[in-house]
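What follows is one structure encoded as structure tokens, with my remarks underneath.
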Amino acid sequence: MRIIIILSFTYLLFACKKEETIAQIPKIPLPASLSALKIEHPRLMLSNERIAELKKLQTTDPILDKYIKAVIASANSIVTRAPLTRTLIGPRLLDVSRELLNRTTHLALAYHFSGDKKYLDAAVANMKTVCEFSDWNPSHFLDVAEMSNGVAIGYDWLYAYISETDRTFIRNGLKTKGLDEYKKIYETAWWAKGDNNWNQVCNGALIVASLAIAETDPKYADEYIPKAIANLPFSNKFYAPDGAWYEGPGYWAYATEYLSYGMSALQTALGTMKNLETTEGLSKTGFAPMLTTGPTNYIFNFADSGENSKGTTSPAMFFMANTYSNTDISNYLHNYMSATSALAKPFHVVWYRSPNNFIPAVPLDHMLKGEINDLVIMRSSWTDKFATWVGVKSGTNSSPHSHLDLGSFELDAGGVRWAKDLGSDDYNLDGYWTMGVGGKRWSYYRLGSLSHNVPILGNKNQYELAKASFSSTALNVSEPNAILDLSQAYRDYSSKSTRKISLVNNRKDVVIEDDFVIKSATEVAWGMTTDQSIEILPSGKAILRNATITTKTLEVEIISPVGAKFTIESARKSAPEKLNTGTQRLMVRIANQIGNVKLQIKLSPKG
């Protein structure tokens, strides 16, 4: 009898606590813009209804069950981590901001699905720690944005279980170190109407943070949500028309996740995405990671994407799949996570969409158009892990995060990335962000033309403000090809410059044809960066070999001009630049060329 009384008392205590926390939410007049605000917490991307739905689905969906258990397992390791400290790397607090978001979301979700108070206590402790910082480094405002996002989500998801004293402390930290910093500079901040990922990150986080405390401090949401909605199109326009992101696949995930946070928070808190979902190209953007990832799982990592970056498992794909009712996108993500043994993160659970067995018919070739970059992707198969895959880009030099790489290609075949991009260098290098004509950015090897898989004229970089476009494509035919007009890139040396890339021999081999009309005697070169071994045979052909997949090789042959020879050049550099250890360049250099010049190279996977 005593046990029954204790259990009954415990149940009543919990029920009273829940009613008490709901009653504690201040009921103050809200402006018209917030008339539809969902007062109870959680209301940012997650709700009590969604939690109940996911818990029910977990009992019958083994994939969701696996994802939830992965989040809880990660939360277990987070509980014992040392407290965060206000430690900058260069001018950035960004790593700390990101770790705070990682911690709060894992811990809060683990608490909701387990009820174990250790996760709640750790989440609150982490939020209080960062709210005790002197500031969130407003001189590099991404740090403020991401920290605000992490604190806001933790505060909202755990609101009902946090003491009123801690709520007040965290809420004040979010206001003074986050939202008030927005208020100081928003009207003049370049990123508020920026044309790159900063816009999505800063405005997406602003939406989330202001909605987190909208019932107690409605002035932030009332003033800044309309401004964020009005300003997001300045960067969102670059998803048009086909969903690719011009700063590269690496930055696709960053920009699109923060846009998804903002859109999802608007939907769950206010019942509307304010028409952001009608952005041209956004309904297609969930496919961009699939198309720009090769059979090796390495991405087409142009711009400042990281070296050897693998395809993203960003949960933004689930959000896009749900928003546009497109299970093809979520199926791809499920399959990719399974194939790569990727660990599920909190938003894989929050935005979860169950898979089905439908296999869509996806064309082999795609052209992803964009205002700044066009991409052409061609492949031999979607199901063969040894398939040939080639990506080639156009673009605009000196656009955000760009390299001088118009016409650059990357190549997979036989399960190996043969032609690669070295990716970004250290963002803290002196002059790294100084673009334009003569910009110091272009003096760094990884960012200039001499490290990329492009033609090289006069051993110089491409023109820093050049634009390139595809003049012709023939896709989804037996021998697909794409032709690029590179005339602006080499304007100092050539009156007309083109590059044609084709798949031939039943889509197995790649042929690259570079044509120029050279103005005066100039060296014309062809280069390809690789981290595979290179051997130049007596026949003049080059053979590339992979140390692991020894049965597969790449044969490279000069078709034109007759008599040209391959050479091997080092890509190694010295600190403070990245060293590029283990990477080399397969080169063709032809001196003193003038008039019509053709360089034609055939790349044939063997084995």
Side-chain angles (χ1 to χ4, degrees), residues 195 246-248 302-304 367 369-376 391-410 419 421-422 431 433-473 481-501 512-529 560-561 564 569 585 587-601:
D195 60 0
Y246 76 97
E247 294 177 298
F302 63 90
D304 275 334
M367 182 175 186
K369 295 182 179 180
E371 183 174 325
I372 292 179
N373 284 333
D374 291 340
L375 309 176
V376 169
V392 59
K393 69 177 291 291
S394 66
T396 304
N397 286 340
S398 290
S399 60
H401 287 287
S402 68
H403 296 186
L404 301 182
D405 61 354
L406 303 179
S408 191
F409 72 95
E410 294 179 56
D421 188 306
L422 290 169
W433 303 107
T434 306
M435 300 188 180
V437 176
K440 189 167 184 180
R441 177 179 178 88
W442 315 127
S443 68
Y444 296 118
Y445 182 71
R446 287 184 168 220
L447 310 184
S449 302
L450 303 188
S451 67
H452 287 90
N453 305 325
V454 299
I456 305 292
L457 300 190
N459 205 38
K460 299 294 185 182
N461 282 330
Q462 294 176 348
Y463 173 49
E464 298 95 325
L465 301 180
K467 295 182 180 181
S469 59
F470 288 96
S471 57
S472 159
T473 58
N481 68 76
I483 301 175
L484 277 152
D485 184 347
L486 298 174
S487 297
Q488 286 190 29
Y490 304 104
R491 66 177 200 166
D492 293 341
Y493 303 95
S494 174
S495 59
K496 185 170 179 59
S497 306
T498 63
R499 163 164 278 191
K500 180 180 180 181
I501 296 187
I512 300 175
E513 301 171 67
D514 295 334
D515 288 278
F516 307 96
V517 180
I518 303 297
K519 298 176 184 180
S520 58
T522 302
E523 181 189 69
V524 176
W526 182 97
M528 187 181 92
T529 300
S560 178
E569 299 182 6
R585 297 269 288 167
M587 298 294 303
V588 180
R589 293 186 180 273
I590 314 167
N592 298 317
Q593 298 296 294
I594 192 167
N596 294 318
V597 179
K598 176 185 283 288
L599 251 172
Q600 186 174 10
I601 311 293

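Note that the structure is predicted; figures quoted are calculated from it, not measured.
Evaluation of the salt bridge (charged side-chain N to carboxylate O under 4.0 Å, His left out) test over residues 394-405, restricted to residues two or more places apart or in two chains, returns Lys393-Asp405. Sequence neighbours left out, not one pair with a member in residues 460-473 passes salt bridge (charged side-chain N to carboxylate O under 4.0 Å, His left out). Sorted by first and then second residue, the pairs that involve residues 442-452 and meet salt bridge (charged side-chain N to carboxylate O under 4.0 Å, His left out), not counting sequence neighbours, are Glu307-Arg446.
Residues Gly395 and Asn373 come closest through the heavy atom pair CA-OD1, 2.9 Å. Taking all atoms of both residues into account, the shortest heavy-atom contact from Ser399 to Ile372 is OG-CG2, 3.7 Å. Closest of all the heavy-atom pairs between Trp442 and His403 is CZ3-CA, 4.0 Å. Taking all atoms of both residues into account, the shortest heavy-atom contact from Gly458 to Tyr493 is CA-CE2, 4.1 Å. In terms of heavy atoms, Leu486 sits closest to Arg499 at CD1-CB, 3.8 Å.
The line from OG1 of Thr473 to CG of Leu484 is 10.5 Å long, rounded to the nearest 0.5 Å. If you take CD1 on Ile601 and CD on Glu513, they are separated by 10.5 Å, rounding to the nearest 0.5 Å.
Using a 4.5 Å heavy-atom cutoff, the side chains of Phe302 and Ser408 are not in contact. Residues Trp433 and His401 meet the side-chain proximity criterion, which asks for heavy atoms closer than 4.5 Å. Contact annotation: the side chain of His452 never approaches that of Thr529 to less than 4.5 Å [non-hydrogen atoms, C-beta and beyond]. Side chains of Thr498 and Ser471 form no contact here, defined as non-hydrogen atoms less than 4.5 Å apart.
Evaluation of the side chain to side chain donor-acceptor pair (under 3.5 Å) rule for Ser394 yields no partner, not counting sequence neighbours. Residues meeting the salt bridge (Lys or Arg N to Asp or Glu O under 4.0 Å) test with Arg441, sequence neighbours left out: Asp304. Residues meeting the side chain to side chain contact (heavy atoms under 4.5 Å, CB included) test with Ser560, sequence neighbours left out: Lys598, Gln600. For Ser449, the side chain to side chain contact (heavy atoms under 4.5 Å, CB included) partners two or more places apart in sequence, or in a different chain, are Leu404, Val454, Ile456, Asn461, Gln462. Lys440 meets the salt bridge (Lys or Arg N to Asp or Glu O under 4.0 Å) test with Asp430; sequence neighbours excluded. Checked against side chain to side chain donor-acceptor pair (under 3.5 Å), Asp485 has the following partners two or more places apart in sequence or in another chain: Ser487. Residues meeting the ring pair (Phe, Tyr, Trp, His ring centres under 6.0 Å) test with Phe409, sequence neighbours left out: none. Partners of Leu465 by side chain to side chain contact (heavy atoms under 4.5 Å, CB included), not counting sequence neighbours, listed by chain and number: Ser398, Val437, Tyr463.
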Can you list the steps and then say if Asn459 with Leu450 is a side-chain contact (heavy atoms from CB on, under 4.5 Å)? CA-CA 7 Å; Asn459 205 38; Leu450 303 188; 4.1 Å; yes
Given side-chain contact (heavy atoms from CB on, under 4.5 Å), test Thr396 with Tyr246 step by step and report yes or no. CA-CA 9 Å; Thr396 304; Tyr246 76 97; over 6 Å; no
Determine, stepwise, if the pair Leu457 / Ser494 fulfils side-chain contact (heavy atoms from CB on, under 4.5 Å). CA-CA 8 Å; Leu457 300 190; Ser494 174; 4.0 Å; yes
What do the steps show when you test Asn397 against Leu406 for side-chain contact (heavy atoms from CB on, under 4.5 Å), and what is the final call? CA-CA 7 Å; Asn397 286 340; Leu406 303 179; 3.4 Å; yes
Identify each donor-acceptor pair in which a side-chain atom of residues 516-527 lies under 3.5 Å from a protein atom, sequence neighbours left out, and give them as a table.
unit_1: Lys519; atom_1: NZ; unit_2: Arg491; atom_2: O; d: 2.6
unit_1: Thr522; atom_1: OG1; unit_2: Ser520; atom_2: O; d: 2.6
unit_1: Glu523; atom_1: OE1; unit_2: Arg589; atom_2: NH1; d: 2.8

